[in-house]
Student: 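Mind having a look at this structure? Questions to follow.
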2 protein chains.
Amino acid sequence: MSGKHDLRVANAIDAGEGWHAIARGKGIYEAGQAGGAWRVMLGVVRLDRIGEEGPEFGGLALAGDVIGAETLLLGSYTFAARALTPVMIEPWGAVAERASPEVLLQALTTTEDRAADTLALRNGSPDRRINRLLALMGRGLAHGRKLVRVALPQLRDIAEMTGLTVETVSRTISRLKETGELDVRGNSRERQVWVTVK
Amino acid sequence: MSGKHDLRVANAIDAGEGWHAIARGKGIYEAGQAGGAWRVMLGVVRLDRIGEEGPEFGGLALAGDVIGAETLLLGSYTFAARALTPVMIEPWGAVAERASPEVLLQALTTTEDRAADTLALRNGSPDRRINRLLALMGRGLAHGRKLVRVALPQLRDIAEMTGLTVETVSRTISRLKETGELDVRGNSRERQVWVTVK
DNA sequence: CGGGGTCTTGATCTCAATCAACCAATGTGG
DNA sequence: CCACATTGGTTGATTGAGATCAAGACCCCG
């Protein structure tokens, strides 16, 4: 089934039915590349735009969000996409009915909302920023309301999203871990955090 | 003509043909309010979302951008909108043809792009942030490429958008003015800056 | 007039950036 | 399989840029 799609997606592992799994830290597509739109089914995707001095953080996409919609208009991506956690995506927008006004309006609305969420990650103390990021990532996973295990992104990514340095992020997480505010598990390569979602 | 529209817009001055002029600093609509979508024809609009502790900055809209599109789906606004500079808006999306997939995709694409622009306002030194903000505001006005006169928002607004304090913004602008990097004109109530757009 | 809002400027302080090591885990090549 | 480089994370010491606190100027409006 998946063979029907033009798979320009790097690092993707075909999981049948057109789904693709991308490992934490791997790129999904690059800016300027030709390709189509995707819906994020699981995990968190980081979007980067080419700024004056190299790529700069330009947005986040959570489970349920659509990425690469600009290709339906332009044919190629304006952002680069990377998986911050293990990610699953499926093609989107290929089917004509999906490009209905209602669906597009829905995508537009969640995009605006997500943009505000992302902006809020750069407000307040390091504690607040990191807690908000984790809460946000948790929302993308929680189907019911409860306790969710969130894969911790690389410190470098957390730093760039929150507008802090890696050192500050490291120190903050260490402190939150000590005070019991955060329950971090796993070895340094693959860490997870328990987050309460409301 | 404009009487046909349901005018829930506060502080709006009917300018004929459904256009509305809003003065610098005035609110356009509030979150939760019923209403429709608008296209910004002139000026810069600040969008705010209700956060955990009061309203927080959630995005920017420049000339050409669509605001309040969520109402086409939800019926009411999720953001509040305020004019940072003198603004003109016209109703959008009421006409069925305007909700075509192409137009919605266009709106979606520019929204994502604008979100990245807004995010970038919180990167780098105060100088860089303020210069980027002014450049961004200039882009919304420049039809050809040239020198553009931009109305300076209130310091409080600049501060909240860039993630700085009013004092830092005041000092930074004063310094840029001294070094000749910025040409600020007008009295304190209504100041303008000359910005080069590329 | 008085009062509230915006802007400006000064003095001080604090917290995150910076600079610098170091460690652990992983990967690489002979 | 071992030496070595690389990458990601941690921790410490120091510093400085921007936050904070405070006061005054200015303007507009009632």
Side-chain angles (χ1 to χ4, degrees), chain A residues 11 23-27 46 53 57 82-86 121-134 150-179 182-193, chain B residues 11 23-27 46 53 56-57 82-86 121-134 150-179 182 184-193:
Chain A
N11 303 307
R24 172 174 177 266
K26 297 292 182 188
R46 168 184 166 161
E53 45 237 32
F57 177 56
R82 273 184 49 228
L84 291 186
T85 69
L121 295 180
R122 285 157 179 251
N123 264 344
S125 67
D127 287 36
R128 254 178 67 83
R129 297 189 192 194
I130 290 174
N131 276 323
R132 283 184 92 149
L133 172 63
L134 294 176
V150 169
L152 198 67
Q154 292 192 355
L155 296 198
R156 191 170 135 74
D157 286 314
I158 299 181
E160 285 169 15
M161 288 188 282
T162 54
L164 303 169
T165 60
V166 275
E167 293 96 327
T168 300
V169 172
S170 176
R171 281 185 244 267
T172 303
I173 291 179
S174 294
R175 188 159 31 75
L176 292 177
K177 203 161 43 178
E178 295 241 324
T179 61
L182 233 50
D183 182 11
V184 186
R185 298 287 173 86
N187 60 36
S188 67
R189 285 285 144 179
E190 200 79 19
R191 294 190 293 181
Q192 278 128 19
V193 183
Chain B
N11 303 306
R24 172 175 178 266
K26 297 292 182 188
R46 167 184 168 162
E53 45 236 34
E56 60 183 10
F57 177 56
R82 272 184 51 227
L84 292 186
T85 67
L121 295 180
R122 284 155 181 252
N123 265 342
S125 66
D127 287 37
R128 254 178 67 83
R129 297 188 191 194
I130 290 175
N131 276 322
R132 283 184 91 150
L133 172 63
L134 295 175
V150 169
L152 199 66
Q154 292 192 354
L155 296 198
R156 189 169 137 75
D157 286 314
I158 300 181
E160 284 168 15
M161 289 187 281
T162 55
L164 303 168
T165 59
V166 276
E167 293 95 328
T168 301
V169 172
S170 175
R171 282 185 243 267
T172 303
I173 291 179
S174 294
R175 188 160 31 74
L176 292 177
K177 204 162 43 176
E178 296 241 322
T179 61
L182 232 51
V184 185
R185 299 286 174 87
N187 61 35
S188 67
R189 285 285 145 180
E190 200 81 17
R191 295 190 293 180
Q192 280 129 17
V193 182

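These numbers were taken from a predicted model, which means no experiment stands behind them. Every heavy atom of this structure was used, including side-chain atoms; hydrogens, water molecules and symmetry mates were not. Chain letters run A, B, ... following the sequence lines, proteins first, then strands; residues in each count from 1.
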Student: Can you confirm whether B/R82 sits close enough to B/P153 that some side-chain heavy atom of one is under 4.5 Å from a side-chain heavy atom of the other?
Tutor: no
Student: Could you tell me how far apart B/Q154 (CD) and D/dC27 (C1') are, to the nearest whole angstrom?
Tutor: 13 Å
Student: Just by modelled atom types, is the B/S170 backbone N or O under 3.5 Å from a matching donor or acceptor in the B/S174 side chain?
Tutor: yes
Student: May I have the distance from B/R156 (atom CZ) to C/dT8 (atom P), rounded to whole angstrom?
Tutor: 16 Å
Student: Taking all heavy atoms of A/F57 and all of A/E160, pick out the closest pair and write down the distance.
Tutor: CD2-O, 4.1 Å
Student: Pick from A/L152, A/L164, A/T172, A/L121: which one makes a side chain to side chain contact (heavy atoms under 4.5 Å, CB included) with A/I158?
Tutor: A/L152
Student: I want to check one thing: is the phosphate of D/dG9, taken as OP1 and OP2, less than 4.0 Å away from some side-chain N or O of A/S170?
Tutor: no
Student: Do any side-chain nitrogens or oxygens of A/T165 fall under 4.0 Å of OP1 or OP2 in C/dA16?
Tutor: no
Student: Work out which heavy atom in A/L84 is nearest to a heavy atom in A/R24; give both atom names and the distance.
Tutor: O-CG, 3.4 Å
Student: Tell me the closest heavy-atom pair linking A/A151 and A/T85, and the distance in Å.
Tutor: O-CG2, 3.5 Å
Student: In whole Å, what is the span from the CG atom of B/L84 to the C1' atom of C/dT6?
Tutor: 16 Å
Student: Heavy-atom distance under 4.5 Å between the side chains of A/R132 and A/T162, does that happen here?
Tutor: no
Student: Does a side-chain N or O from B/T168 land closer than 4.0 Å to OP1 or OP2 of D/dA19, or not?
Tutor: yes
Student: Roughly how many Å is it from CZ in B/R191 to C1' in D/dC27, rounded to a whole number?
Tutor: 13 Å
Student: Which atom pairs link the protein and nucleotides 19-21 of chain C when you take only N or O atoms and keep those under 3.5 Å?
Tutor:
residue: C/dC19; atom: N4; partner: A/E167; partner atom: OE2; Å: 3.2

Student: Taking CG from B/L152 and C1' from C/dT6, how many angstroms apart are they, rounded to a whole number?
Tutor: 12 Å
Student: Taking CZ from B/R128 and P from D/dA17, how many angstroms apart are they, rounded to a whole number?
Tutor: 17 Å
Student: May I have the distance from B/R175 (atom CZ) to C/dT8 (atom C1'), rounded to whole angstrom?
Tutor: 14 Å
Student: Note the angle between the end axes of the helix from C/dC1-D/dG30 to C/dG30-D/dC1, five pairs defining each, rounded to 10 degrees.
Tutor: 40°
Student: Search all heavy atoms of B/R191 against all heavy atoms of B/L155 and return the closest pair with its distance.
Tutor: NH2-CD2, 3.7 Å
Student: Looking at A/R129 and A/M161, would you say the former's side chain and the latter's main chain have a donor-acceptor pair under 3.5 Å?
Tutor: no
Student: Could you check how far CD1 of B/I130 sits from C1' of C/dC7, rounded to whole Å?
Tutor: 14 Å
Student: By the 4.0 Å heavy-atom rule, please label B/G163 as base, sugar-phosphate, or nothing.
Tutor: sugar-phosphate
Student: Does A/S174 put a side-chain nitrogen or oxygen below 4.0 Å from OP1 or OP2 of D/dT11?
Tutor: yes
